[in-house]
Structure formats: structure tokens, C-alpha cells
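To start, the structure itself, in C-alpha cells.
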Amino acid sequence: MAPVVRISDIGQHVGQTVTLHGWIYNRTDKGRLQFIQVRDGSGTIQAVAFKKNMPEAAFDEARRVTQESSVVATGSVREDPRSPTGYELDLSDFAIVQLAQDYPITPKEHGVGFLMEHRHLWLRSARQHAIIRIRATIIRSIRNWLDDHGFTLVDTPILTPSAAEGTTTLFETDYFGTPAYLTQSGQLYNEANIMAFGKVYCFGPTFRAEKSKTRRHLTEFWMVEPEMAFATLEDYMDVAQDMVSTIVQTVLEKHQADLKTVERDTTWLEKVVAPFPRLSYDDAVALLQQNGFPDFPWGEDFGAPHETTISNQYDRPVFVYHYPTHFKAFYMEPVEGRPEVCRSADLLAPEGYGEIIGGGQRMTSLELLEQRIQEHKLPREAYEWYLDLRKYGSVPHSGFGLGIERTVAWVCGLEHVRETIPYPRMLEKIYP
RNA sequence: UCCGCGGUAGCUCAGUCGGUAGAGCGGUCGGCUGUUAACCGAUUGGUCGCAGGUUCGAGUCCUGCCCGCGGAGCCA
């Protein structure tokens with residue numbers, strides 16, 4: 001019996017006879033010669049069936065096998081420049097585990113609506129496979145970076161009694177007779193946790209019932225939220241730029257083949273090295289007024305075209321800081337002497353990918369926080385525990401949230417975030 | 001939620017002025033010892049999104065609804 005190996009390790013078995021467990025990606029029938037692309041989740045290899053080199057029954061199976069049938073293929077490994085992957089398997093035996101009938105996704109073109117309906121099968125395609133592998137590396141890279149820099153993973157709840165940032169964009173559910181909500185952010189809990197651990201992060205799914213229908217929104221998305229005690233806005237930007245550049249460089253190092261599969265121009269990614277440029281909101285408004293938006297008023301939030309114009313001035317991600325207080329969350333620390341702006345900062349990715357991080361320095365003063373909760377018409381009783389944090393050892397602290405899907409879309413150079421998560425949840429879309 | 005575009009074969013689409021429902025791919029059968037989304041020949045395949053209306057006659061015109069795509073606002 002030949003040993004069972006994975007295709008990613010095939011280079012270590014040149015000249016040996018091995019067995020692969022996999023699925024049929026595509027097949028070319030040349031009569032007495034069959035070219036069979038076999039994938040096994042770790043990679044793809046071309047298996048070649050010559051009529052003379054194998055038992056007649058096995059050759060007949062190779063002849064009738066269909067796209068996405070599951071198979072057991074045995075043969076000798078050979079380096080061959082004519083193969084797309086550099087290696088070939090000269091088949092000596094071949095068996096079908098299950099013969100697939102009428103696999104819906106063909107090697108030809110399909111519309112995005114059809115592919116989304118078949119997302120559970122679409123994940124088998126080379127491009128989707130590459131994207132999800134890069135996503136996995138980005139997540140691992142984030143967690144490694146944080147774990148190596150003194151952050152403790154402290155999980156925050158998904159079912160919550162109230163809104164973190166207020167408002168109507170929450171998914172409501174019934175919690176034994178009282179309303180509960182799916183989390184929009186772990187941040188408020190993070191603020192409690194840093195007073196216990198100093199530096200923490202939470203990492204998990206986040207839910208927003210926004211009726212938004214764009215290439216950068218999902219109703220369920222994953223976010224990593226680091227938070228640090230005794231840290232300023234500037235400290236947060238230092239941490240975020242180091243983490244983001246590490247993520248990008250790690251993907252470049254480990255996923256050249258996958259980046260090629262998604263046709264990413266990696267010259268952009270090679271430039272993503274800290275430090276990142278920092279631009280105040282004031283200067284960003286001036287920049288917009290000089291670059292196609294002469295009437296843009298100070299005090300308004302940026303839309304997608306504005307973010308694109310700003311980020312297009314730079315070859316790496318750019319921080320925009322000190323946004324106007326009135327359109328940011330209630331907990332943002334005001335800038336000393338200029339309360340109309342706050343110690344917040346967003347990170348805009350280049351090439352028009354827009355905001356991938358939002359964060360800032362949190363308010364320290366109990367009195368001001370109570371006032372803001374009132375101004376934002378938030379239910380005070382839901383925030384009693386949060387206000388406790390300003391009574392028992394309050395310190396300057398800062399943190400941020402990085403959106404995984406937007407980051408993956410940017411790193412992979414994708415048009416839409418829907419391809420960056422295995423099963424995207426979007427407006428009115430929850431199948432499969 | 002608003003604006004725009006669309007829904008015809010399993011998939012991607014064409015269908016002119018209202019007059020017999022089309023192509024390519026896929027599937028099936030046959031051929032081929034170097035294919036890369038193979039190629040060649042044959043063949044198969046329809047609730048024209050749904051409901052109603054106008055008409056001798058509707059894929060085509062009208063009304064309503066459903067669904068999809070793109071964009072906006074909001075955000076990560």
C-alpha cells in the first residue's frame with residue numbers, strides 16, 4: 001500500500017508511489033490519455049492516466065469520473081514542467097469514492113448571484129480557496145502579534161443587554177422574556193478588562209443591522225479590538241501601524257502563490273511598512289477642498305469618495321485623527337482646548353479601500369461621560385457598570401477595532417467583502 | 001431606505017417593428033498519447049421571475065408585486 005500524502009507535501013515524494021485522497025477539479029479526455037486535475041484541500045496536482053500504465057478497470061474509472069467526484073488516486077510523483085504546478089502523478093491505480101452528478105459550478109463563467117447561492121460549493125474554487133487561506137493567515141498573524149506584545153485575549157459577550165454605541169442598528173433577540181442584542185463591539189467590556197489586565201484584545205463576530213448595501217458592508221463581520229490602559233491616541237496609532245504592517249508582510253511572505261491566484265499587484269503591499277502618515281481632520285478637509293471637493297464643509301463626515309481621495313495621496317495606509325466630536329461616539333476624549341474635535345483616529349487603506357480601523361482615546365472624566373450619555377439620550381441604567389470604571393482607578397486609555405473582512409479585501413485586492421468570509425451575511429441574505 | 005440597471009435552457013447571454021424560442025458553454029454519445037476554461041462531430045435541453053391587463057396574436061406594450069446586481073447614506 002502506498003502512503004497517503006497531501007498535495008502540499010508532494011515535492012518531498014518525487015520518484016515515490018503515493019496515494020492521494022481528493023476531488024476532481026477538472027479533466028481533459030484525450031482518448032487513451034486522461035489529464036485529471038486533483039485537489040485535496042492543500043493544493044492541486046495534475047494526474048495523468050495512460051491506458052497502458054494501469055489496470056483496465058482503473059482506467060475506465062478515470063475515463064468516466066466527473067467534476068468534483070471524490071477519488072483515491074495512486075501513482076508515482078514526477079517533476080514535469082508541462083504540469084501547471086510543476087509536478088505530475090503518473091497514475092497506476094484510480095478509484096471513485098462517489099461519482100458526482102451535474103456539479104453546478106463549471107470552469108466557465110458564472111454570475112455573482114448564482115455563485116453566492118452556491119457558496120458552499122464555490123469555496124472549492126481556486127480563487128475562493130486562496131482568499132480564505134489568506135484570511136486565516138491574517139487572523140493568525142494578528143493574534144500572534146498581539147500575544148507577542150503583552151496583550152491578553154479576553155473574550156467579550158456576544159449577547160448584550162444594551163447598545164455599545166446606541167441606536168437602531170442592533171439585532172434584537174429574546175432573552176428569557178427580555179430583549180437582548182447581538183454585540184456591535186466588545187469595546188466597553190474591553191475598557192473594563194484593561195483595568196484588570198492592562199492590555200487586552202477581543203476577537204470575534206460582530207453584528208450590525210444596518211440597511212447598507214455596499215461592497216464594504218456585511219451584517220455579520222469579524223473584528224479584532226485591542227485596548228490599552230495608560231495609553232494615548234498616539235500610542236494606539238503606533239500599535240496599529242506596527243500590527244497592520246506585520247500582517248501585510250506576513251501574507252507577502254507566506255502566500256505568493258495565493259496572491260497570484262487572486263491576481264494581486266503586490267507592489268502596493270510591499271510598500272506597507274510602518275510608520276504610516278498621519279493627517280489631522282482639519283488638514284484632510286483642506287486636502288479635499290484642493291482636490292475635487294471645493295465646497296466640502298468642515299464638520300461633515302467623509303463618504304467613500306472622500307476617503308478614496310485622501311488615501312490616494314499616499315502609497316501606504318493613512319491615519320486621519322482629531323475628527324469633529326459631534327459625529328463620533330459618546331466616549332471619545334475631547335482634545336484639550338478644542339472640545340469640538342476629539343482624540344479619535346481612523347486608518348484608511350490605500351487604493352480606495354477606505355476605513356479598516358476606527359479607534360481613539362476614551363473619555364477619562366466621570367462627569368463629562370455622564371453628560372455625554374445624557375446628550376446622546378442613552379439609558380443611564382445600562383451604563384452604570386461602565387461608569388464604575390471612572391470611579392475606581394480611571395486612567396487614560398485607548399483602543400481600536402480592525403475589520404477583518406475589509407482588511408482581507410484590501411490585502412487580496414478584491415472588489416467586494418463578500419468573498420472574504422466563508423458564508424457572508426448581507427442585507428436580506430442568509431443562505432446558505 | 002433612496003436612485004439606476006436587470007430577471008429568457010443547468011450556466012453566460014442574444015432575441016430587431018408585437019407574428020413559429022436562439023447561440024456559446026455544460027450534460028450525453030462518438031473520435032483523439034500532452035491537455036491547461038483542450039479540440040472535432042453528433043445530440044439533449046424552455047413555467048421567457050410572478051399576477052393581471054391591452055391585442056386576432058405578448059419574451060416584446062401597460063399596471064402591480066417578487067428577486068438579483070450596481071451606487072448612495074451609515075459604518076469596521
Side-chain angles (χ1 to χ4, degrees), chain A residues 25-37 44-53 59 63-64 66-67 80-86 88 90 100-118 121 125-127 164-169 183-187 204-225 240 244 300-307 323 327-329 346-349 353-359 400-410 415-418 420-421 426-429 431:
Chain A
Y25 196 65
N26 201 4
R27 185 175 67 103
T28 302
D29 180 351
K30 292 276 297 174
R32 272 162 289 191
L33 174 62
Q34 306 286 319
F35 296 102
I36 303 167
Q37 311 297 329
T44 305
I45 191 171
Q46 176 160 280
V48 185
F50 283 92
K51 192 173 172 68
K52 285 180 184 171
N53 293 355
F59 183 81
R63 247 203 123 160
R64 75 182 186 106
T66 53
Q67 189 189 2
D80 193 323
R82 292 173 298 184
S83 161
T85 56
E88 276 189 354
D90 271 327
Q101 302 284 357
D102 301 324
Y103 185 71
I105 300 176
T106 68
K108 297 287 180 176
E109 60 195 328
H110 297 284
V112 69
F114 177 81
L115 290 169
M116 288 299 302
E117 283 288 308
H118 296 83
L121 305 176
S125 305
R127 176 185 167 84
E165 305 178 16
T167 83
T168 55
T169 58
T183 182
Q184 261 189 329
S185 165
Q187 186 207 312
T206 301
F207 307 88
R208 299 204 181 162
E210 292 162 1
K211 300 262 184 189
S212 46
K213 185 175 161 9
T214 80
R215 64 182 63 184
R216 50 174 77 169
H217 284 85
L218 299 167
T219 56
E220 176 182 310
F221 66 97
W222 287 65
M223 186 158 67
V224 60
E225 295 177 271
V244 168
E300 199 163 287
D301 201 359
F302 301 137
H306 307 121
E307 287 184 353
Y323 281 91
F327 64 72
K328 285 291 179 182
D346 290 351
L347 183 66
L348 309 183
Y353 279 92
E355 184 180 350
I356 56 171
I357 286 179
F400 63 99
L402 178 144
I404 299 300
E405 287 75 19
R406 287 185 182 179
T407 302
V408 177
W410 162 51
E415 283 294 308
H416 200 297
V417 292
R418 64 187 157 213
T420 65
I421 187 167
M426 297 183 292
L427 186 60
E428 314 273 324
K429 250 177 125 68
Y431 177 91

[N] and [M]: how far apart are their [atom1] atoms, nearest whole angstrom?
N     : M     : atom1 : value
B:G68 : B:C13 : C1'   : 16 Å
B:C11 : B:G57 : P     : 32 Å
B:C61 : B:G7  : P     : 11 Å
B:A23 : B:U43 : P     : 11 Å
B:U54 : B:U47 : C1'   : 22 Å
B:C2  : B:U63 : C1'   : 22 Å
B:C62 : B:C29 : C1'   : 48 Å
B:U60 : B:G52 : P     : 14 Å

Give one of base, sugar-phosphate or nothing for [X], where a contact means two heavy atoms less than 4.0 Å apart.
X        : answer
A:Thr407 : nothing
A:Phe50  : base
A:Gly303 : sugar-phosphate
A:Ile357 : sugar-phosphate
A:His110 : sugar-phosphate

How long is the line joining [atom1] of [X] and [atom2] of [N], in whole Å?
X        : N     : atom1 : atom2 : value
A:Glu405 : B:C75 : CD    : C1'   : 13 Å
A:Arg27  : B:G34 : CZ    : C1'   : 16 Å
A:Ile36  : B:A38 : CD1   : P     : 13 Å
A:Lys328 : B:C75 : NZ    : C1'   : 9 Å
A:Phe114 : B:C67 : CZ    : C1'   : 16 Å
A:Glu88  : B:U33 : CD    : P     : 17 Å
A:Phe221 : B:C75 : CZ    : P     : 12 Å
A:Arg216 : B:G73 : CZ    : P     : 9 Å

Taking all heavy atoms of [X] and all of [Y], pick out the closest pair and write down the distance.
X        : Y        : answer
A:Thr420 : A:Ala409 : CG2-N, 3.6 Å
A:Gln184 : A:Phe207 : CG-O, 3.4 Å
A:Thr219 : A:Glu210 : CG2-O, 4.3 Å
A:Val48  : A:Glu88  : CG2-OE1, 3.4 Å

With 3.5 Å as the limit, what N/O pairs link the protein to nucleotides 68-70 of chain B?
from  : atom 1 : to       : atom 2 : distance (Å)
B:G70 : OP1    : A:Arg418 : NH1    : 3.2
B:G70 : OP1    : A:Arg418 : NH2    : 2.7
B:G70 : OP2    : A:Arg418 : NH1    : 3.4
B:G70 : N7     : A:Lys213 : NZ     : 3.4

Between A:Gln67 and A:Thr106: side-chain donor-acceptor atoms closer than 3.5 Å: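 No pair is found: no donor N or O on one side chain lies under 3.5 Å from an acceptor on the other.
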
Mind checking ring pair (Phe, Tyr, Trp, His ring centres under 6.0 Å) for A:His118 and listing every partner two or more places apart, or none if nothing turns up?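 Per chain and number, A:His118 pairs via ring pair (Phe, Tyr, Trp, His ring centres under 6.0 Å) with A:Phe114.
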
Does [X] reach the main-chain N or O of [Y] with its side chain, forming a donor-acceptor pair under 3.5 Å?
X        : Y        : result
A:Tyr25  : A:Ala126 : yes
A:Tyr103 : A:Leu121 : yes
A:Thr66  : A:Gln101 : no

Rounded to the nearest 0.5 Å, what separates atom CG in A:Asn53 from atom CZ in A:Phe59?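 Nearest 0.5 Å value for the CG-CZ distance: 10.0 Å.
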
With rounding to the nearest 0.5 Å, note down the distance linking CD1 in A:Ile404 to OG1 in A:Thr206.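 Between atom CD1 of A:Ile404 and atom OG1 of A:Thr206 there are 9.5 Å.
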
Would you say B:A38 has OP1 or OP2 under 4.0 Å from some side-chain N or O of A:Asn26?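 Result: yes.
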
Name the residue closer to the 5' end of RNA chain B, choosing between A:Ile356 and A:Ala304 according to the nucleotide with the nearest heavy atom.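 The residue whose closest nucleotide sits nearer the 5' end is A:Ala304.
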
Aromatic-base stack, A:Phe35 on B:G34, cutoff 5.5 Å, angle under 30: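 Base of B:G34: not stacked against A:Phe35.
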
So, using salt bridge (Lys or Arg N to Asp or Glu O under 4.0 Å) as the criterion, who are the partners of A:Glu415 when residues are at least two apart?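 Salt bridge (Lys or Arg N to Asp or Glu O under 4.0 Å) list for A:Glu415, sorted by chain: A:Arg215.
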
Salt bridge (Lys or Arg N to Asp or Glu O under 4.0 Å) partners of A:Arg216, counting only residues at least two apart: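 A:Arg216: salt bridge (Lys or Arg N to Asp or Glu O under 4.0 Å) contacts with A:Glu307.
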
Can you tell which of B:G34, B:A76, B:G73 lies closest to the side chain of A:Val48?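 Per side-chain heavy atoms of A:Val48, the pick is B:G34.
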
Is there any protein nitrogen or oxygen under 3.5 Å from a nitrogen or oxygen in nucleotides 25-32 of chain B, and what are the pairs?
from  : atom 1 : to      : atom 2 : distance (Å)
B:C32 : N3     : A:Asp29 : O      : 3.4
B:C32 : N4     : A:Asp29 : O      : 3.4
B:C32 : N4     : A:Asp29 : OD1    : 3.1
B:C32 : N4     : A:Gly31 : N      : 3.2

Name the residue from A:Arg406, A:Met426, A:Arg208, A:Glu405 that meets the side chain to side chain contact (heavy atoms under 4.5 Å, CB included) definition with A:His217.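 The single option meeting the side chain to side chain contact (heavy atoms under 4.5 Å, CB included) with A:His217 is A:Arg406.
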
Only Watson-Crick and G-U wobble pairs with both distances less than 3.5 Å should count. Give RNA chain B in dot-bracket notation, marking inter-strand partners with |. (((((((..((((.....[..))))((((((.......))))))....(((((..]....))))))))))))....

When only distance counts, do a donor and an acceptor, one from the side chain of A:Gln46 and one from the base of B:U35, lie under 3.5 Å apart?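 When only heavy-atom distances are counted, A:Gln46 does reach the base of B:U35 through a donor-acceptor pair under 3.5 Å.
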
